[in-house]
Amino acid sequence: MDAVADGAVDTGAIIAMGRRAIAIEAEALWTLAHELGSGFADAVTLLMTTPGRVVLCGLGKSGQIGRKIAATFASTGTPGIFLHAGDAVHGELGTLVTGDTLVILSNSGDTREFGVIIRRAEALAVPIVAITSSPDAPVASGATISLLLPPSPEACPYGRSPTTSTAMMLALGDALAVTMMQLRGAKAADLLALHPGGRLGLDLVAVESFMHHGDALPLASPETPMGEVLDLISARNFGIAGVVDAHQRLLGVITDGDIRRCGVDLGSRSAGQVMTRRPRTLVGGAMARDALTIMSEARITSVFVVNDTLAGRIRGLVHIHDLLRLGIG
């Protein structure tokens, strides 16, 4: 039955088609994961010991996957570039140099351009990793290491358009990149150095690296008169004051809303009488994204950082302007 006929939309049929496509690819990825063998370990070792760059090479849809894998390699600490197979045989084969490792992506493995590229790699003593579905294809036979994709139907209903095969290539490329990251002992700081801008920084920048602390914090005791608290809020310019006990444990906060709710009685009150108890806080070790999430959800512009949620000892304060200065707010 047609999912769309005579202007009517069969929502159930459309969803079923989408689920079928995803299920086909998911099953192929499951098979790929469980059939991963020693060749994968050999490929990782080769790529990690490559003195030059990892050159990803492909054509058509495989080429587009190769471009993405090259970008993933470069962004995770493995020098990777992409070489389009068609461009390579028309003047750009000089991109490949001694010291590189060539990774060829080709589902069929018998595309004409790769024969020329493989001969050039052999002349330069450049090792080759082939990612292909065909163990008997020229690409596989000419490779130093072959990573074979398990036989799986394309999600395309006619079995022709590269879908399942490219999904497996992409997953295999990600697996190589992530494995090498772990073997190198890459830390968040290393990844941040390769992603200085953009949303990824939210997950990599710890609040300790930019929060305000020490004498910069607007802190008062519960007995502090509100007149002094107002001066403190104005002097520190965060729009908030924290109320702490003798052990620097956060008891509450005073914001503009708390001040306005007191009205004319403000001058006769203390910080402990005005504060809002159990404020939203961040725990030490939180990332910038956590700060932005709390500020967005609670519609606040400042949040205190404590050592843990039980003891609640003040460690610092993050203001929305700090996130904006990082370029991630």
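Starting from 1, each residue takes its place in the sequence as its number.
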Work out which heavy atom in [X] is nearest to a heavy atom in [Y]; give both atom names and the distance.
X	Y	result
Leu32	Ala171	CD2-CB, 4.5 Å
Gln273	Ser268	OE1-O, 4.2 Å
Ala177	Thr72	CB-CG2, 3.8 Å
Ile300	Ser302	CD1-O, 3.4 Å
Val97	Leu124	CA-CD1, 4.1 Å
Pro138	Gly109	CD-O, 3.3 Å

Exercise. Any ring pair (Phe, Tyr, Trp, His ring centres under 6.0 Å) pairs touching residues 214-244, not counting sequence neighbours?
Worked result: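 Residue pairs passing ring pair (Phe, Tyr, Trp, His ring centres under 6.0 Å), neighbours aside: His212-Phe238.
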Heavy-atom check, side chain of [X] versus side chain of [Y], under 4.5 Å:
X	Y	value
Ile254	Pro218	no
Asn237	His321	no
Pro222	Met275	no
Glu35	Leu148	no
Thr95	Asp100	no
Arg315	Val306	no

Could you state the interatomic distance from [atom1] ([X]) to [atom2] ([Y]), rounded to the nearest 0.5 Å?
X	Y	atom1	atom2	answer
Leu36	Thr31	CG	OG1	12.0 Å
Leu105	Thr166	CG	OG1	10.5 Å
Ile81	Arg53	CD1	CZ	3.5 Å
Glu113	Ser106	CD	OG	10.0 Å
Ile240	Phe304	CD1	CZ	5.0 Å
Leu102	Ile104	CG	CD1	4.5 Å

Look at the side-chain heavy atoms of Ile, Leu, Val, Met, Phe, Trp and Tyr, link any pair under 4.5 Å apart, and say whether [X] and [Y] land in one connected group.
X	Y	value
Met295	Met211	yes
Met169	Leu59	no
Ile128	Leu46	no
Ile131	Ile117	no
Val303	Phe210	yes

Problem set entry | Sole candidate of Thr78, Val129, Leu176 that passes side-chain contact (heavy atoms from CB on, under 4.5 Å) when paired with Val54 |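 Of the listed residues Thr78, Val129, Leu176, the side-chain contact (heavy atoms from CB on, under 4.5 Å) partner of Val54 is Thr78.
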Exercise. So Asp42 and Thr45, side-chain hydrogen bond (donor to acceptor under 3.5 Å, both in side chains) or not? Walk me through it.
Worked result: CA-CA 5 Å; Asp42 294 339; Thr45 301; 5.5 Å; no
Exercise. Does the side chain of Thr255 come under 3.5 Å of the side chain of Asp258 through a donor N or O and an acceptor N or O?
Worked result: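 Judged by distance alone, the side chains do pair up.
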Exercise. In terms of side-chain heavy atoms, does Thr224 have a donor or acceptor partner in Ser221 at a distance below 3.5 Å?
Worked result: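 Looking only at side-chain atoms, Ser221 and Thr224 do form a donor-acceptor pair, the distance falling under 3.5 Å.
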Problem set entry | Neighbour count >12 (heavy atoms, 6.0 Å) for atom CD, Glu122 |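 For Glu122, atom CD is crowded (more than 12 foreign heavy atoms under 6.0 Å).
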Exercise. Under 6.0 Å from the NZ atom of Lys61, do we count more than 12 heavy atoms belonging to anything else shown?
Worked result: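 Not more than 12 within 6.0 Å, no.
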Where the side chain of [X] meets the backbone of [Y], is there a donor-acceptor pair that is under 3.5 Å apart?
X	Y	value
Ser133	Ser108	no
Asp87	Glu92	no
His84	Gly86	yes

Exercise. Where do Ile314 and Arg249 land on the side chain to side chain contact (heavy atoms under 4.5 Å, CB included) test, with the steps shown first?
Worked result: CA-CA 6 Å; Ile314 288 284; Arg249 291 189 291 251; over 6 Å; no
For this session: Could you give me the CA-CA distance, side-chain angles and deciding distance for Asp290 and Val207, then say whether side chain to side chain contact (heavy atoms under 4.5 Å, CB included) is met?
Result: CA-CA 9 Å; Asp290 302 319; Val207 294; over 6 Å; no
Exercise. Can you list every side-chain hydrogen bond (donor to acceptor under 3.5 Å, both in side chains) pair that touches residues 142-158, not counting sequence neighbours?
Worked result: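 Listed by first then second residue: Glu154-Thr163, Glu154-Ser165.
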Problem set entry | All ring pair (Phe, Tyr, Trp, His ring centres under 6.0 Å) counterparts of Phe82, not counting sequence neighbours |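 If we apply the ring pair (Phe, Tyr, Trp, His ring centres under 6.0 Å) test to Phe82, skipping adjacent residues, there are no hits.
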